[in-house]
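Values in this document were obtained by computation on a predicted structure and should not be read as measured data.
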Protein chains: 2
Amino acid sequence: MTATISREQQLIEAEAACLRRGAKLTPLRRQVLELILAADSPVGAYALLDRLKADRPGAAPPTVYRALDFLLENGLIHKVERLNAFIGCVETGHGHAHDHPHQFLICRRCGATVEIADSAVADAIAAAAARVGFTAVEATVEIEGVCARCGTA
Amino acid sequence: MTATISREQQLIEAEAACLRRGAKLTPLRRQVLELILAADSPVGAYALLDRLKADRPGAAPPTVYRALDFLLENGLIHKVERLNAFIGCVETGHGHAHDHPHQFLICRRCGATVEIADSAVADAIAAAAARVGFTAVEATVEIEGVCARCGTA
DNA sequence: TGCCGTCACGATATAGTATCACGCGACGCG
DNA sequence: CGCGTCGCGTGATACTATATCGTGACGGCA
């Protein structure tokens with residue numbers, strides 16, 4: 001696992017991003033982000049809540065949803081609509097916009113979900129919308145299928 | 001409103017499509033489809049349930065969800081994930097595949113949601129997935145923004 | 001004709017996801 | 001100090017979806 005080290009890195013990036021935006025990554029928010037990053041698949045709000053309760057017995061749904069809202073607003077996580085679940089989005093090395101175009105690849109076999117940022121897809125979407133007079137602001141693109149590892153196995 | 005006439009047409013198309021597939025569009029299923037087509041925006045399952053209860057006092061969540069499952073399986077409706085709501089998909093004039101690629105345009109102002117079938121978007125998605133060794137089976141594409149009418153108003 | 005499997009649906013209960021409303025304490029600022 | 005904002009605790013509630021069991025209708029088939 002390269003995970004542990006890079007995850008620390010991601011949290012540091014997240015703090016930096018919040019600083020730049022004038023937002024406060026409180027201990028609670030940071031902890032929720034940490035739980036999301038620690039999972040290797042998208043995590044549901046109530047799964048997060050359960051894990052949160054280990055440390056914070058008083059945690060309730062609003063506790064986790066407020067943290068999630070903050071993380072979403074600040075571009076630190078995304079929601080995967082098809083799964084009603086959340087996934088981390090901190091990209092070390094290059095700052096990213098608040099609302100960058102992105103797409104998800106969701107493997108039906110192993111559940112792994114990865115984010116890509118394909119500009120051809122984004123362009124095609126903007127063009128298709130424009131063609132009918134629609135001004136696209138934001139797009140949810142969630143692609144289901146079989147990932148490389150599961151496909152060859 | 002051109003709606004009423006064309007809606008009848010849509011229901012007839014739907015019955016024909018079911019016949020071709022060997023599926024049975026029972027009165028209940030037909031009624032749920034009718035309710036969905038009658039709405040001019042995507043409709044939630046419980047909104048459908050409420051309307052259904054006018055005719056069928058005994059209707060319960062499974063009643064409507066079973067009908068929705070049937071309609072989804074037979075390609076007569078789609079689910080809009082971002083709204084947890086359902087929208088009709090019968091396209092009069094040209095039969096359509098069960099699982100055809102499609103995209104939604106969701107207006108933030110008026111809530112109107114329209115389906116498009118842009119092959120450039122579909123191709124870009126398949127290509128982007130293939131580029132990372134992912135075999136795309138099905139994609140959810142939901143574009144939020146401002147529709148032509150709301151944009152000029 | 002009688003048996004039997006499948007299917008559509010009723011009915012009850014429960015699981016899973018998300019928000020509302022109220023209050024309080026900490027902090028920053030004039 | 002007075003005051004506003006913000007983060008969060010707390011309890012209740014709304015909204016979305018599924019599990020489970022039963023029953024009656026219908027079709028196939030000996």
Between A/Lys24 and C/dA26, is there a side-chain N or O to OP1/OP2 distance below 4.0 Å?
no
Under-4.0 Å side-chain N/O to phosphate OP1/OP2 contact, B/Thr63 with C/dA11:
no
Decide if atom CZ of B/Arg108 counts as having more than 12 heavy atoms of other residues, nucleotides or ligands within a radius under 6.0 Å.
yes
Checking A/Asn74 side chain against A/Leu76 main chain: does a donor-acceptor pair fall under 3.5 Å?
no
Minimum-distance nucleotide (side-chain atoms of A/Thr26 versus C/dA18, D/dT10, D/dG7):
D/dG7
Would you mind telling me which of D/dC8, D/dT10, C/dC9 lies closest to the side-chain atoms of A/Arg29?
D/dC8
Going by the angle between their ring planes, with limits at 30° and 60°, are A/Phe104 and A/His102 parallel, tilted or perpendicular?
perpendicular
Roughly, in whole Å, what's the span from [atom1] in [X] to [atom2] in [N]?
{"X": "B/Leu52", "N": "C/dA8", "atom1": "CG", "atom2": "P", "result": "17 Å"}
{"X": "B/Asp69", "N": "C/dC7", "atom1": "CG", "atom2": "C1'", "result": "15 Å"}
{"X": "B/Leu25", "N": "C/dA8", "atom1": "CG", "atom2": "P", "result": "11 Å"}

Ignoring hydrogens and angles, answer whether the base of [N] and the side-chain atoms of [X] contain a donor-acceptor pair closer than 3.5 Å.
{"X": "A/Arg56", "N": "D/dG9", "answer": "no"}
{"X": "B/Tyr46", "N": "D/dA14", "answer": "no"}
{"X": "B/Tyr65", "N": "D/dA19", "answer": "no"}

Closest-nucleotide mapping onto DNA chain C: is B/Leu28 or B/Asn84 further toward the 5' terminus? I mean the 5' end.
B/Leu28
On DNA chain C, does the nearest nucleotide to B/Ala67 precede the nearest nucleotide to A/Leu83 from the 5' side, or the other way round? Give the residue.
B/Ala67
In terms of heavy-atom contacts, A/Ile87 and A/Thr113 come closest through CD1-O, 3.4 Å
Heavy atoms under 4.0 Å, any strand shown: does B/Arg66 hit a base, just sugar-phosphate, or nothing?
base
